[in-house]
Amino acid sequence: MTRTLGRRIITRGVLDMATLQWDRAQEESYLYHGPMALADEAENGEKLKAAIEKALGKHFDTVKVVIDKTAEDVKTFGKIQESTKEAVDKLNKDGGKLMGEFADYKADNERRIVLLEQKIATGLTGGRKGAPKSIGQQYIESEEFKNFVPIGKGTGKHMSRPFQLKTITSLAGSAGEGITPEYLPTVVVPYLQNLTVRDLLAGGTTGTDLIYWVKENVFTNNAGVVSEGALKPQSDITYSRLNVPVTTIAHWIKASKQVLADFQQLAALIDARLNFGLKLTEEHELLFGDGTGEHLQGIVPQATVYSGAFAKATDTFIDVIRHAILQVRLAFYPASGAVMSPVDWHNIELTKDSQDRYILAQPMGSIPAMIWGLPVVQSDSMHVGDFLVGAFKLAAMLFDREQAQILVSTEDQDDFVRNLVTILCEERLALAVTRPAAFVYGNFPAGTST
């Protein structure tokens, strides 16, 4: 108990105050109420330091005496004597008084600091070097004002020649020190597109540069009822072997070695933008790659055309997607997702019934991008008015040979002697659309309503 009491006295009455400046010259207070007045005077600063050390030493001596007296009371009498208790109470009261004075001191000086910062921010700092000058300051320092003072005294003239600020032109320095640059803390870049078509596909990795698979071409089903002793019917299935190569998608930029070293945010931004550009091209290849040269064989060129066999004149966009889901189902595949442009999803969300009530949307809150139980990918790569519905997980698979990566070199071309770096972003992947009939691609007919 004695040690805890001692710590409490030291903590509240001394250690908190040790971070402040004390004024021993004031009898009613330990605190120094004018620190800014001594800010530029090293001698007074030394006096304050000595006063603090002296005050702390005296207080610690008093605390030590009280603690020793407490221990002696317990040892001699088995309890703390009243006189000792009174000494402890006095120390605590002194500590409480000091804390009250500390609160007043802190509020007073915080107010002073705020006022000083406001003066600095508005340029009213007495013409400190580099600070913008007010119009008044520029006037009293002008030749017009200097010439006016002796004339006004000697001849009775009370008007100076007109004082003019610098003419503001298109030149960068036309306003002189009246304008100082202000920089935003971040680099402003366009918002990045949401890329999610990859998320619909089954994913895997490969250690080779060519993907093979066997495709079923035709299944002739002759299964039937057979009577006893009769010849059983034969069914036929034909297969073919297909393959797709691993494709490389890449791009690079040049950058200054010094800029990247001095502006780390820019380095991170370059990495992000390079990766974004890579994924933007990947998105387009997954959907529309034509398979020529090194291009991926995308899903749309292999998909079945939307038939519209079940369409009605009163169909909405919502109905058209349902017809496409049925078309996929009739090909014996369960649809797992839909892809459309953000514009078309916007139109679907705004679809209303005959009483102008929204069918899918909830204006008071957000709803998941889903239709008929399927997730909807709003891809900016999809053409407005078109849609893709299919069994993505079952009918296509994306193989990563090398996932997207950033590579930096100082030895490309003449980078070394020019202090440049080459930043490369690349990936290697292959897309295998194993069941093209599981995808239906089409457009919303002009006659459909929203």
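Because the structure is a prediction, the values reported are computed rather than measured.
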Discussion item. Would you say Asp319 and Thr316 are linked by a side-chain donor-acceptor pair, where the criterion is simply a distance under 3.5 Å?
Written reply: yes
Worksheet entry | side chain to side chain contact (heavy atoms under 4.5 Å, CB included) involving Leu398 - partner list, sequence neighbours excluded | Arg198, Leu201, Leu286, Leu429, Leu431
Item to complete: Show your working on side-chain hydrogen bond (donor to acceptor under 3.5 Å, both in side chains) between Asp236 and Gln234 and close with a plain yes or no.
Response: CA-CA 7 Å; Asp236 292 313; Gln234 176 184 352; 3.2 Å; yes
Discussion item. Strictly distance-based, threshold 3.5 Å: is any side-chain N or O of Trp372 a donor or acceptor partner for the main-chain N or O of Ile318?
Written reply: yes
Worksheet item: Taking the side chain from Thr206 and the backbone from Phe399, do they hold a donor-acceptor pair closer than 3.5 Å?
Response: no
Discussion item. Would you say that more than 12 heavy atoms from the other residues, nucleotides or ligands in this model lie under 6.0 Å from the CD of Gln413, or not?
Written reply: yes
Fill in: Ser307 and Gln327 side chains, donor-acceptor separation under 3.5 Å
yes
Worksheet item: Taking the side chain as C-beta and beyond, is there a heavy-atom pair between Thr351 and Asn347 under 4.5 Å?
Response: no
Worksheet item: Does Asp344 reach the main-chain N or O of Gly385 with its side chain, forming a donor-acceptor pair under 3.5 Å?
Response: yes
Practice prompt. Taking atom CG of Leu231 as the centre, report whether more than 12 heavy atoms of other residues, nucleotides or ligands fall under 6.0 Å from it.
Written response: no
Worksheet item: Restricting to pairs with a member in residues 413-447, which pass ring pair (Phe, Tyr, Trp, His ring centres under 6.0 Å), not counting sequence neighbours?
Response: Phe317-Phe444, Phe387-Phe444, Phe392-Phe439
Worksheet, complete the sentence: Between Ala404 and Leu278 the two heavy atoms that sit nearest each other are CB-CD2, 3.7 Å
Worksheet item: Is Glu427 salt-bridged to Arg401, going by a charged N under 4.0 Å from an acidic O?
Response: no
Worksheet entry | Side-chain donor or acceptor of Asn221 paired with backbone N/O of Ala223 under 3.5 Å | yes
Worksheet item: Just wondering, do Arg428 and Thr247 contact through their side chains at under 4.5 Å, heavy atoms?
Response: no
Item to complete: Working to the nearest 0.5 Å, report the span between OG1 of Thr422 and CG of Asp412.
Response: 3.5 Å
Item to complete: Taking atom CZ of Phe332 as the centre, report whether more than 12 heavy atoms of other residues, nucleotides or ligands fall under 6.0 Å from it.
Response: no
Discussion item. Just by distance, no angles: are the side chains of Glu283 and Ser379 close enough, under 3.5 Å, to form a donor-acceptor pair?
Written reply: yes
Worksheet item: Are Lys257 and Thr410 close enough that a side-chain donor and a side-chain acceptor fall under 3.5 Å?
Response: no
Practice prompt. Look at the side chain of His251 and the backbone N and O of Leu274, then say whether any donor-acceptor pair between them is shorter than 3.5 Å.
Written response: yes
Worksheet entry | Val246 to Thr208 - nearest heavy-atom pair and separation | CG2-O, 3.4 Å
Discussion item. Within the structure provided, determine whether Met340 and Val376 are in side-chain contact (heavy-atom separation under 4.5 Å).
Written reply: yes
Fill in: Glu411, CD: over 12 other non-hydrogen atoms inside 6.0 angstrom
no
Practice prompt. Decide whether Ser256 and Gln258 meet the rule of one side-chain donor and one side-chain acceptor closer than 3.5 Å.
Written response: yes
Worksheet item: Is there a side-chain contact between Leu424 and Ser409 (heavy atoms, below 4.5 Å)?
Response: no
Fill in: Donor-acceptor contact present, side-chain Glu285 to main-chain Leu296, <3.5 Å
yes
Practice prompt. Could you tell me whether the side chain of Arg329 and the main chain of Ala335 form a donor-acceptor pair under 3.5 Å?
Written response: no
Fill in: Under 3.5 Å donor-acceptor, Asp315 side chain and Lys312 backbone
yes
Discussion item. Please check: side-chain N/O of Thr238 versus main-chain N/O of Val218, any donor-acceptor pairing under 3.5 Å?
Written reply: yes
Discussion item. Between His323 and Phe310 (side chain of the first, backbone of the second, donor and acceptor by atom type, cut-off under 3.5 Å), is there such a pair?
Written reply: yes
Response to the item:
Taking every heavy atom of Ser341 against every heavy atom of Met382, the minimum-distance pair comes out as CB-O, 3.6 Å
